[in-house]
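Residue numbers begin at 1 in each chain, while the letters A, B, ... track the order of the sequences.
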Amino acid sequence: MSNSLSEIPLVHVQNVSKHFGEGETRVDALRDVSLEVHPGEVVALLGPSGSGKTTLLNVIGCITEPSSGWVSLDGEVVYDGHWLRSDLRKLRLEKIGFIFQFHNLLPFLNSTDNVAVVLSLAGFDKDESKRRAIELLEYLEVGHRKDAMPANLSGGEAQRVAIARALANRPRIILADEPTAALDSERAGIVMDLLRKVAVEQEAAILAVTHDEKIFDRFDRIFHLRDGRLDDQNT
Amino acid sequence: MNLAYRDIRHNLGRFLLTCFGLSLLLGVVLSMIGIYRGLVEDALTLVRTPVVDVWVVESGTRGPFAESSRIPGDTREAIARLQGVSAAGSVTYQSVETRHGNEKLRLYVVGYEPGRPGGPDQITTGRPIGRSHYEMVADKRTGLSLGSRIELGRDTFTVVGMTDDQVSSGGDPVIYITLKDSQQLQFELAPPAARREIARGSGPGDTDTINAVIARVSPNVSPESVAEAARRWKHLAAMSQGEQELILTQSVVERARKQIGLFTGLLLIVSAVIIALILYTMTMDKLREIATLKLIGAPDRTIVGLILQQALAMGTIGFGFGAILITSIKDYFPRRVVLQPEDGLALAAAVILVCVLSSALGVRLALKVDPATAIGG
């Protein structure tokens with residue numbers, strides 16, 4: 001194995017299975033799934049409804065515990081038959097940024113504070129949190145809306161603020177759940193350009209669950225999930 | 001970053017409206033406590049006003065407030081001669097109903113001997129009774145003013161002085177008249193009844209009857225020793241000031257006290273349930289935000305803090321509004337409402353405790369939220 005940073009996967013999932021229930025009610029959501037995502041990569045996770053996309057995203061996001069397998073994030077093995085860390089929320093705070101379909105901004109915080117809240121949770125002081133939040137909003141070209149409440153933002157603006165929040169604590173893994181589903185083609189393209197910019201400039205790995213055909217050509221690789229298995233024909 | 005404060009500020013109108021609703025409830029709780037205090041205060045006012053040490057009443061009774069008591073008018077001279085008694089006075093107590101203008105007026109009439117114990121302790125306006133007949137000192141709660149004239153029995157009385165906060169245990173305002181006038185009012189028969197008594201050969205009836213003799217004792221003399229001496233007359237019973245107060249608080253207003261105490265307890269339970277439901281609903285409204293917070297790494301203490309701080313803010317603001325409201329309108333209550341700082345502090349502490357306990361339901365719900373629900377899977 002090379003020592004080059006780009007060759008160490010930021011997301012490394014090996015033989016991960018996840019089932020819910022037992023006996024007749026047992027549902028195998030993931031079966032022996034293995035994948036790697038490297039720094040600078042933007043990859044998509046595709047599959048029909050119920051194929052296990054969200055379960056895989058939850059496993060990588062340390063939200064759902066796998067039934068078996070091995071998971072490493074940013075070079076740290078976090079699951080090997082059981083969680084190896086008890087502070088999974090802290091792990092998420094340190095290593096993972098989340099982007100949601102409907103942005104999930106906190107409705108009672110303005111754009112700046114929605115970004116700053118992550119930094120505040122990470123222990124940054126108030127001024128530093130605010131300064132970095134505004135920097136990020138400007139980086140994502142939504143700085144002019146820094147004082148706006150989520151209810152007053154357009155879909156594209158809200159999603160850019162959500163991306164800023166996902167990037168706030170400089171995570172190297174970004175997990176996105178249908179990040180462009182609520183956007184038109186033009187805005188979906190802008191969001192994908194931004195994710196690409198983040199992946200390249202911050203050497204981050206971006207894994208997005210999507211059904212949005214209009215952005216398929218924006219991904220480096222596409223993983224197809226079917227009945228909890230990754231297809232051999234991943235593109 | 002204080003998330004609780006930001007959330008409150010975002011939904012300020014709704015939060016304040018909720019606090020206002022809660023404040024009405026807590027205001028009622030506070031007023032119930034105030035009414036109870038007022039009840040006890042009212043009951044004790046009449047007993048404390050004469051500033052005496054010994055009460056002498058009819059044998060076998062706990063008069064003159066808890067039970068009816070009639071003793072001969074000359075008892076006062078006998079009590080005054082007891083060793084250690086520095087002053088003694090005859091008193092009568094009775095409730096009457098009369099009219100003032102078009103208003104019906106219920107009054108509690110105290111008859112006393114001017115210059116002896118039994119009269120009003122403080123006259124706020126006007127003067128004490130100076131004539132032996134048909135003058136009265138009235139409490140301002142009667143609605144009368146200086147110079148007002150009202151009919152009591154077959155006589156018309158003029159208000160010459162006013163007192164403040166002098167009411168009976170039943171809440172009726174007190175008026176003071178001379179003993180002679182009160183005896184006529186209480187014991188003199190109406191002319192047809194008097195004529196019948198004369199026809200029976202028993203005379204028009206003796207009006208020299210009183211309800212009690214009250215006595216002050218000299219310094220260094222035990223009231224109990226004076227009471228003991230008075231009890232040697234078999235037709236008399238005697239009790240100390242403390243015993244008389246105990247009778248009033250534990251007997252006369254006991255049922256009302258229990259009733260109000262029970263009602264106050266029920267209101268506190270209702271408040272707790274309402275606070276719990278409000279907090280639960282507020283948490284339900286924020287489940288997606290809580291899931292998002294958990295997903296982005298917020299620790300449980302941040303989530304618990306969000307709910308607990310809002311619960312405490314709601315309780316504090318609700319209690320504050322309620323206290324201000326009741327303080328502002330307490331004087332318009334038909335009965336005295338006594339708000340004591342220690343009662344307010346005790347209720348505030350109870351409200352804080354209720355808020356903390358009530359928020360447990362919301363906290364439990366919040367802690368059970370799966371962060372995966374933020375993703376939608």
Novice: Are there over 12 heavy-atom neighbours, none belonging to B:D285, within less than 6.0 Å of that residue's CG?
Specialist: yes
Novice: Are more than 12 heavy atoms, taken from residues, nucleotides or ligands other than A:F108, located less than 6.0 Å from that residue's CZ atom?
Specialist: yes
Novice: Side chain, backbone, both or neither: which part of B:I8 has a non-hydrogen atom closer than 4.5 Å to chain A?
Specialist: neither
Novice: Taking A:V118, A:D113, A:V209 one by one, which has the highest count of heavy-atom pairs under 4.5 Å against chain B?
Specialist: A:D113
Novice: If you count the non-hydrogen atoms of other residues, nucleotides and ligands that lie under 6.0 Å from CD in B:Q259, is the total more than 12?
Specialist: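 12 or below, so no.
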Novice: Check this for me: B:R364, atom CZ, are more than 12 non-hydrogen atoms of other residues, nucleotides or ligands nearer than 6.0 Å?
Specialist: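 Not buried by this count: 12 neighbours or fewer within 6.0 Å.
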Novice: Looking only at heavy atoms and a cut-off of under 4.5 Å, which of B:D370, B:D300, B:L295 has the most pairs with chain A?
Specialist: B:L295
Novice: Going by the side-chain contact (heavy atoms from CB on, under 4.5 Å) test, name the single residue among A:N58, A:L88, A:I63 that passes it with B:P371.
Specialist: A:I63
Novice: Can you confirm whether more than 12 heavy atoms, excluding those of A:Y139, are under 6.0 Å from its OH atom?
Specialist: yes
Novice: Measuring from A:S120:OG to B:L3:CG, what's the distance to the nearest 0.5 Å?
Specialist: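 Going from the OG atom of A:S120 to the CG atom of B:L3 covers 7.5 Å.
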Novice: Who wins among B:T302, B:L293, B:I296 for the most heavy-atom pairs under 4.5 Å with chain A?
Specialist: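 Of the candidates given, the most pairs with chain A belong to B:I296.
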Novice: Check this for me: A:K130, atom NZ, are more than 12 non-hydrogen atoms of other residues, nucleotides or ligands nearer than 6.0 Å?
Specialist: no
Novice: Is chain A contacted by the side chain of B:N11, its backbone, both, or neither, given a heavy-atom distance below 4.5 Å?
Specialist: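 It is neither, since no heavy atom gets under 4.5 Å.
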Novice: Please flag which part of A:A116 lies under 4.5 Å from any non-hydrogen atom of chain B: side chain, backbone, both or neither.
Specialist: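 Both parts, heavy atoms under 4.5 Å.
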Novice: Heavy atoms only: give me the nearest B:G297-A:L121 pair and the separation to one decimal.
Specialist: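 In this case the closest contact between B:G297 and A:L121 is C-CD1, 4.4 Å.
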Novice: Report the distance from atom CE of A:M149 to atom NE2 of B:H10, rounding to the nearest 0.5 Å.
Specialist: 5.0 Å
Novice: Quick one: what part of A:P107 sits under 4.5 Å from any heavy atom of chain B, side chain, backbone, both or neither?
Specialist: both
Novice: Do A:F98 and B:T292 make a side-chain contact, defined as non-hydrogen atoms from C-beta onward lying under 4.5 Å apart?
Specialist: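 Side-chain contact under 4.5 Å: no.
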Novice: Just checking A:R170: does its CZ atom have more than 12 heavy atoms from other residues, nucleotides or ligands closer to it than 6.0 angstrom?
Specialist: no
Novice: Looking at every non-hydrogen atom in both residues, tell me the closest pair between A:V117 and B:M1 and how far apart they are.
Specialist: N-CE, 3.8 Å
Novice: Check each of A:L106, A:L105, A:N104 against B:E289 using the side-chain contact (heavy atoms from CB on, under 4.5 Å) test, and report the only one that passes.
Specialist: A:L106
Novice: May I ask you to check whether over 12 heavy atoms, not counting those of A:K214, lie within 6.0 Å of atom NZ?
Specialist: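 Yes, the 6.0 Å shell around NZ holds more than 12 heavy atoms from other groups.
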